[in-house]
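As the structure is a prediction and not an experimental result, all values here were calculated from the model. Convention: sequence-line order gives letters A, B, ...; per-chain numbering from 1.
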Amino acid sequence: MGEEVLDVFILDLSYEVVRSEPHIVIWGIDSSGNRVLLRDRSFRPYFYAVLEDDAPVEQVAEMIRRLSVPSSPITEVKPVDRKYYGRPVNVLRIQTVIPESVRDYREKVKGIAYVREVLEADIRFALRYMIDRETPPSTWHRFRVRKIPRSNEYRVSEEYEVLERIGYSDITKPPSMRSIAFDIEVYNPRGSPRAETDPVIIIGAMNDKGEKVQFLAEDPGPRDAKPLREFIEYVLNEDPDILFGYNSAYFDIPYLMERCKRYGLKFDIGRRRGAEPRPSVYGHYSIPGRLHVDLYDFAEEIHEIKIKSLDVVAEYFGIMSRSERTNIPWYEIARYWDDKSKRPILLRYSMEDVISTYGIGMKILPFAIQISSLTGLPLDQVGSASVGHRLEWYLMREAYRYGELVPNREERPYEPYKGAVVLEPKPGVHENIAVMDFSSMYPNIMIKYNIGPDTYIDNEEECGEDGCWKAPEVGYLFRKSPPGFYKRVLETLLKLRRSIRDEMKKYDPDSIEYRILDERQKALKILANAAYGYMGWVGARWYFKQGAEAVTAWGRATIKRAIEIAKSMGLEVIYGDTDSLFIKYSKGLAEEFAERISRELEMEIKIDKIYRKVFFTEAKKRYVGLTENGGIDIVGFEAVRGDWSELAKEIQEEVARIILGTNDVSKAIEYVRSVVKNLEAGKIPMEKLVIWKTITRPLDEYEATAPHVRAAKILLSRGGRIAIGDKIGYVIVRGAGRISDRAMPYTFVDPKDIDPSYYIDHQVIPAALRILEYFGVTERTLRSGSRSRSLFDYSR
DNA sequence: TCGTGGCGGGG
DNA sequence: GTGTACGCCACGA
């Protein structure tokens, strides 16, 4: 069969060893919409040995060659030009055949004389290929290929052998990918379900044409062999590129697999016949040839959402509001199944979960595609990889382009260092305040001062002709030139982002082109902003503590200098944190200030927002602002924290609103008193009294029994399951003893047992007082209806 | 009464 | 398996 040129959008890359030869396997979609498999036999695993400067290179190479074993011969050992932390090094590239053998060779090479370090032996083979051949997934590429006879092994339309990767294709829009969302319900008459004993009762799914299906267990039983078979068949018929689930890596997939195992059924839903899903890196479950995307991972990153349940997240994305959907508590599911009159409600509930999952998938997908194509992470691993790992994949790609060797992962002890400055706020209500933010302060500091492990030097003599930057306070020195690794990477990211934002102007904001570009510029910003934190992370390959310390030191110096400039211009500074300054706004002057900063500090500062009023207490990181359009911004206070009851939060927000909106303190006092009365009369619904806190470690590792720990223990003793990261919702009930002795999971509490005095003393009054205290209001005033002091006295 | 453990949100 | 700074609760000595 002849050669041809093929444009392919890469879904995923993996490898197989076929008759002692490694094959890179590329799963993709071609420009005609065929699902294809490309096989590249030309790539071989390798790693590097860095030698001492005075090493006899050829002799060392010969010794390494002698390590060769027949099962995976060493095919090449040769000196290559590479840099390590910016410096050219004496380095041998060692190539073999079988990827798994790299680990053995690495250990043996380490023991050879003159070998200082072994590098890049811990980079997985498929990633190695993606970097070296520049084949990031979620991108269109052009290959020269030869069609090969279709084997029966893969569920694809065509198979090809790669002769050459020509480059990127000129297609830029992602192809239309077939996607399905799925969700299961399981039978759990005894509380928490266990896959060994409790069958699946509903498997629901939906595709991109809007077609919905439900596979149901059979009565009596319930027996689930049939729905399991039907679901497998469904997936194979639909042949989706993407499967969206919600918490599917931790629940649905392993559960379905365990159920299949009980019937001797293969959960064979991938594009490679007979291959079941398997646990992979970062807690992900991978399905061969398809992209299994667990949307829960993305929800975890949304800090505005406290409870990451599917209904809450779907509401957040505007897919389905919680009030208009069917909600069944998890412990009621078996009952709804058993009761034939209620079963339709359960079916509706299940389908709404599927629709929600699909909707979230569609919202997340454009962003995930951009992160995938930039970092090289397969789309299905974008969610499960941490921020640090995402950036690291990007850095590895860049390092290769620069001829830079990748440092090894190392175990290091945690080392704390000094962070940013936070100014003491001026307490009180201030009018007309501009919040000014330095744009991307840390990335710009890293660029400006060329900070990184490769530009760092020990003493001034080594500064060279161009000289050094010296970090304030810590005194670390960084060569001004040439540009270091971090600087080059960040400049590339920011330049790319600027050009994309320029290009966006050409398009209608509603167009698909605009949306794609917008997601891409967001992804670039996220990667740039992660660089500083990454550098200070002990687990990072490019970890560099002095660099992270220097960044925060220059950050502190920059903001301090900006304050001096502001003061010299007669601008009053109310507050500041890390990269922001709150200044008294006067038109013209703030703009002039921004100009001077840009001239003198070579950093951009911009007006982020203007508050008609802003209120501070003595506390840092807490304020309330009244925006120009009359909205209220609450920062740091209890009202925006997840670990206070809804009631306390509501009251604090309302108090803030009354004070900033009307200046009427007496009105706020009256409001608080009325809530106290309602509480005493038992008129507040229990949901508003629940306090949510996270379990962060195994229960027996807690030093003291905090209320949420105690509530978790009760939950456990009653058959519930507790995992690290779970949020525990509890209320305080009447009785004697410590608060923790009276903390109960709210699901077990009769509302009349709730202790109103706890909520008055520990929730409502403190939350209200946090703001009202500044206006001279005391606890007594809020508690008593009696007028020890006329309300009139508070009108300021 | 006070030091400490614990937690969350924010720039 | 990004960073540090900060406020405030409840526990328990």
Side-chain angles (χ1 to χ4, degrees), chain A residues 281-283 301 303-306 384-392 395 409-412 414-425 435-443 446 526-545 547-549 551-553 555-556 559 575-582 608 617-623 633-645 648-649 691-697 701-710 725 727-728 732 737-743 758 761-763 766-767 769-770:
Chain A
V281 283
Y282 319 122
E301 291 176 38
H303 298 293
E304 297 96 294
I305 313 179
K306 178 181 48 170
S384 44
S386 71
V387 173
H389 282 112
R390 289 177 197 170
L391 179 64
E392 192 152 85
L395 293 177
R409 267 197 183 293
E410 274 177 55
E411 292 261 350
R412 304 185 187 87
Y414 170 69
E415 301 178 281
Y417 63 89
K418 202 170 159 193
V421 269
V422 186
L423 306 186
E424 297 283 346
V435 183
M436 305 197 65
D437 275 351
F438 280 96
S439 323
S440 300
M441 184 195 245
Y442 284 178
M446 289 172 78
I526 284 172
L527 288 175
N529 286 342
Y532 149 73
Y534 172 86
M535 187 166 62
W537 169 40
V538 289
R541 287 180 188 268
W542 279 276
Y543 171 67
F544 188 55
K545 193 191 119 171
E549 272 185 291
V551 172
T552 58
R556 294 190 295 272
I559 199 162
Y575 177 63
D577 182 350
T578 312
D579 58 356
S580 71
L581 285 177
F582 288 54
D608 181 44
T617 66
E618 293 82 28
K620 294 172 173 184
K621 291 189 181 278
R622 300 189 144 200
Y623 58 86
D633 272 358
I634 302 186
V635 175
F637 281 108
E638 287 75 2
V640 290
R641 291 175 62 100
D643 57 346
W644 281 70
S645 65
K649 289 160 64 171
I691 298 160
W692 295 89
K693 266 195 162 64
T694 312
I695 293 294
T696 59
R697 64 194 70 182
E701 282 179 22
Y702 280 98
E703 304 231 356
T705 307
H708 72 296
V709 177
R710 155 94 183 168
K727 293 229 190 270
I728 307 297
I732 305 300
R738 295 168 304 188
I739 292 169
S740 58
D741 292 332
R742 298 185 282 122
Y758 167 80
D761 298 345
H762 297 268
Q763 293 277 320
L769 225 43
R770 205 80 69 213

Sorted by chain and number, sequence neighbours left out, side chain to side chain contact (heavy atoms under 4.5 Å, CB included) with A:H762 holds for A:I739, A:Y758

**Study point:** A:K621 and A:D577: CA distance, side-chain angles, deciding distance, salt bridge (charged side-chain N to carboxylate O under 4.0 Å, His left out) verdict
**Key:** CA-CA 8 Å; A:K621 291 189 181 278; A:D577 182 350; 2.8 Å; yes

note: A:E415, atom CD; C:dG1, atom P; distance rounded to Å ~ 18 Å

**Study point:** A:R697 to A:Y702 six-membered ring, cation-pi geometry met (6.0 Å, 45°)
**Key:** yes

### Task
Report the C-alpha separation of A:M535 and A:K545 in whole Å, then their side-chain angles, then the decisive distance to 0.1 Å, and conclude whether the side chain to side chain contact (heavy atoms under 4.5 Å, CB included) test is met.
CA-CA 7 Å; A:M535 187 166 62; A:K545 193 191 119 171; over 6 Å; no

Open item on the list: Counting the atoms with a prime plus P, OP1 and OP2 as sugar-phosphate, which does A:Y623 contact under 4.0 Å by heavy atoms, base, sugar-phosphate, or nothing?
Closed with: sugar-phosphate

Is the gap between the ring centers of A:Y623 and A:F582 under 6.0 Å?
yes

Here the residues of residues 537-545 of chain A within 4.0 Å heavy-atom distance, strictly under, of DNA chain C are A:W537

Give A:Y414 one of three labels, base, sugar-phosphate or nothing, depending on what nucleic acid heavy atoms sit under 4.0 Å from its own. sugar-phosphate

The contact string for nucleotides 6-13 of chain C, one letter per nucleotide 5' to 3', using protein heavy atoms under 4.0 Å with B, S and - for base, sugar-phosphate only and none, comes out as SBSSSSS-

_Strictly distance-based, threshold 3.5 Å: is any side-chain N or O of A:T617 a donor or acceptor partner for the main-chain N or O of A:A619?_
yes

Atom CD1 of A:I728 and atom P of B:dG6 are separated, to the nearest Å, by 16 Å

Practice problem: Using modelled atom types only, decide if a donor and an acceptor are shared between the side chain of A:Y534 and the backbone of A:R541 within a distance under 3.5 Å. | Solution: yes

Rounded to whole Å, CD of A:E301 lies from C1' of B:dG9 at a distance of 17 Å

d(A:E701 CD, A:I695 CD1) to nearest 0.5 Å is 12.0 Å

Check every strand shown and say whether A:Y442 touches a base, only sugar-phosphate, or nothing at a heavy-atom separation below 4.0 Å. nothing

Taken to the nearest whole Å, NZ/A:K693 to P/B:dG5 is 17 Å

Atom CG of A:L395 and atom C1' of C:dG1 are separated, to the nearest Å, by 16 Å

Q: Name the nucleic acid region contacted by A:R697, choosing base, sugar-phosphate or nothing; use a 4.0 angstrom heavy-atom cut-off, strictly under.
A: sugar-phosphate

Ranking C:dA5, C:dG1, B:dC7 by distance to the side chain of A:H389, first place goes to C:dG1

Separation of B:dG9 atom P from A:I634 atom CD1, nearest Å, is 14 Å

> When you look at A:R770 and A:F637, which way does the side chain to side chain contact (heavy atoms under 4.5 Å, CB included) test go after all the steps?
Replying inline: CA-CA 8 Å; A:R770 205 80 69 213; A:F637 281 108; 3.7 Å; yes

